[in-house]
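Owing to the predicted nature of the structure, the values given are computational and were not obtained by experimental measurement.
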Amino acid sequence: MISGVVTKGINGIPRIPGDKSISHRSIIIPSISNGICEINNILHSEDVIHTLEAFKLMGVEVEKNEKKLIIHGKGLNSLNVSNNEIYLGNSGTSARLLTGLLSSQKFKSVLTGDKSLSNRPMRRIAEPLIKMNAKIHTTNGSLPITIEKSDLKSTDIDLEIPSAQIKSGLLLAAINTKGETKITENKITRDHTEIMLESFGANIDIQKKGGRKIIKIIGQKELVSNNIDVPNDLSSSAFFIVSALINKNSRIILKNINNNPTRNGIILALKKMGAKISLINERINNNEKICDIEVVNSNLHGVELGPEFADLMIDEYPILAVAASFASSPSIFRGLKELRVKESDRLKLILINLQNCGVDCKSENDDLFIYPSKNYKIKNNFIQTDFDHRIAMSFCVMGTKIGPLNIENSECINTSFPTFKEQLNKLGGRIF
């Protein structure tokens with residue numbers, strides 16, 4: 001894929017896909033609930049499809065039409081053993097959430113993934129589950145994972161790593177475990193699992209004390225299905241937001257965007273940089289905060305963000321780094337350790353690719369320093385993605401200012417945003 005310079009600005013109303021995190025949970029939680037769940041606006045991407053196929057392998061009946069996905073729930077303990085290994089492609093969310101869920105089931109499961117997913121750390125979910133008496137065997141700390149039949153025991157777990165995927169895996173194990181499980185979160189992470197479990201009738205209590213969250217869940221209470229309207233994805237919106245901010249004569253409106261306060265760090269960060277971003281028509285849907293967003297091209301300035309921002313927007317640092325490259329002063333982003341264990345070593349790829357684009361940048365420890373310039377001379381227009389969708393989309397946006405950039409393995413974008421190229425081009429982008 002080649003990304004070229006935009007000449008007339010980025011303008012219009014892009015069609016943003018459904019939220020990826022909520023889409024995964026919109027399959028998982030209704031599948032273990034009683035009743036029928038109709039899901040509107042679910043994301044039809046490769047990652048989400050792998051989650052859906054996993055539950056179909058375990059006997060969940062699914063109907064599809066153009067607008068809705070209909071899931072016939074089987075209840076907490078009614079999933080069927082899969083006769084095959086469960087292949088999850090590149091989806092870390094699927095792997096960690098299913099590891100938790102399946103550890104409480106009464107059959108053996110084996111989870112596998114592609115080369116990239118098979119290099120991602122899985123001990124971080126396996127070890128707290130083992131404290132609950134789960135029988136989990138990783139392959140040198142990664143996939144494939146074998147999950148044996150076991151009787152889980154409720155316990156108190158203090159989360160050492162701030163991760164919504166780990167927390168969610170533990171919640172999905174606890175929901176089918178006798179007694180009260182207490183999970184203490186010392187840093188904020190996205191809370192879609194708690195929100196949806198509560199709306200499906202889980203016996204869950206959430207208390208916030210300072211910067212900590214204590215979640216208590218009493219297991220083995222059957223869940224009751226509700227219909228779900230999936231809001232549009234803020235993480236996917238971020239690429240369009242930055243495209244409009246850095247290109248002159250640009251104005252876009254994004255509709256029905258998830259504005260969950262555990263996810264909106266990218267909006268807060270860009271506003272600190274002077275971005276003209278307005279949140280309009282704010283409302284609540286399925287207990288999630290939703291809004292429309294208006295974005296106008298802006299003169300950005302640099303900013304220093306502490307590690308607390310990483311808890312709210314770790315996935316958005318690649319596109320934020322692109323925005324910072326066109327600011328009027330340097331930026332420092334601190335505490336980016338988790339970027340190294342995403343779909344790729346994103347911190348390494350941000351540095352390599354920005355430097356290839358002529359941007360002066362460096363990392364020290366887990367901090368990223370970007371020193372912008374008014375004029376960039378491309379040193380190498382080949383963008384290395386390591387099959388990471390967010391790196392690919394971020395440097396497509398970079399190309400709208402300094403292109404042409406050759407984005408390798410751009411098909412990886414299909415894991416989260418299959419229509420990205422089409423939507424950006426409708427707004428005035430030049431991707432070929």
Looking at E338 and K342, does any basic side-chain N land under 4.0 Å from a carboxylate oxygen? no

Counting only heavy atoms from other residues, nucleotides and ligands, does the tally under 6.0 Å from CD of E160 exceed 12? no

How about CG on N365, more than 12 heavy atoms from neighbouring residues, nucleotides or ligands closer than 6.0 Å, or not? no

Checking side chain to side chain donor-acceptor pair (under 3.5 Å) for the pair D114/S116: CA distance, chi angles, key distance, verdict? CA-CA 6 Å; D114 67 10; S116 172; 4.6 Å; no

According to the interplanar angle, ranging from 0 to 90°, do the rings of H50 and Y87 count as parallel (below 30°), tilted (30 to 60°) or perpendicular (above 60°)? perpendicular

First locate atom CD of E294, then atom CD1 of I241, and finally report the distance between them rounded to the nearest 0.5 Å. 12.0 Å

In terms of the angle between their ring planes, are F369 and Y371 parallel, tilted or perpendicular, with boundaries placed at 30° and 60°? parallel

Give a yes-or-no answer on whether the side chains of Q384 and D386 include a donor-acceptor pair shorter than 3.5 Å. yes

Any donor-acceptor N or O pair under 3.5 Å, side chains S104, N176: yes

Step by step, would you call N186 with D158 a side chain to side chain donor-acceptor pair (under 3.5 Å)? CA-CA 8 Å; N186 295 297; D158 199 324; 2.6 Å; yes

Test item: I370 and S325 side chains (from C-beta on) under 4.5 Å apart, heavy atoms: yes

Less than 4.0 angstrom from a charged side-chain N to a carboxylate O is my criterion; do E194 and K167 meet it? yes

Looking at K289 and E282, does any basic side-chain N land under 4.0 Å from a carboxylate oxygen? no

For I188, look at atom CD1 and say whether over 12 heavy atoms of other residues, nucleotides or ligands are found less than 6.0 Å away. no

Take S94 and T51, measure what side chain to side chain donor-acceptor pair (under 3.5 Å) needs, and give me the verdict at the end. CA-CA 6 Å; S94 306; T51 294; 2.5 Å; yes

Counting only heavy atoms from other residues, nucleotides and ligands, does the tally under 6.0 Å from NZ of K426 exceed 12? no

Quick one: do R190 and D315 make a salt bridge, cutoff under 4.0 Å? yes

Indicate yes or no: does R283 engage D292 in a salt bridge with an N to O separation below 4.0 Å. yes

Please report the closest heavy-atom contact between I86 and A54, naming both atoms and the distance. CG2-CB, 3.5 Å

Please determine whether side chain to side chain donor-acceptor pair (under 3.5 Å) holds for the pair T419 and R15, giving the CA-CA distance in whole Å, both sets of side-chain angles, and the decisive distance to 0.1 Å. CA-CA 9 Å; T419 62; R15 186 174 180 180; over 6 Å; no

Could you tell me whether the side chain of S298 and the main chain of A275 form a donor-acceptor pair under 3.5 Å? no

Is there a donor in the side chain of D229 and an acceptor in the side chain of N40, or the other way round, less than 3.5 Å apart? yes

Rounded at 0.5 Å granularity, tell me how far CG in N380 sits from CG in L405. 9.5 Å

Ignoring hydrogens and geometry beyond distance, is a side-chain donor-acceptor pair present between T415 and N90 at under 3.5 Å? no

Compare every heavy atom of P128 with every heavy atom of L170, then report the nearest pair and how far apart it is. CD2-CB, 3.8 Å

Between D366 and the options R346, K348, R340, the salt bridge (Lys or Arg N to Asp or Glu O under 4.0 Å) test singles out R340

Assess whether atom CG of N281 is packed by more than 12 heavy atoms of other residues, nucleotides or ligands within 6.0 Å. yes

Positive for side chain to side chain contact (heavy atoms under 4.5 Å, CB included) with P231, one of N285, I16, I22: I22

Nearest heavy-atom contact between C361 and L351 is SG-CD2, 3.8 Å

Please walk me through it: do L268 and K272 pass side-chain contact (heavy atoms from CB on, under 4.5 Å)? CA-CA 6 Å; L268 301 178; K272 285 174 71 74; 5.5 Å; no

Could you pull out the closest heavy-atom pair between R430 and V5, with the gap in Å? CD-O, 3.0 Å

Considering the options L88, T138, I136, which one meets the side chain to side chain contact (heavy atoms under 4.5 Å, CB included) requirement together with L111? L88

Closest contact, heavy atoms only, S235 versus R263: OG-NH2, 3.4 Å

Centroid separation F395 to F239 less than 6.0 Å: no

Can you find a side-chain donor-acceptor pair between Q105 and S109 that sits under 3.5 Å? no

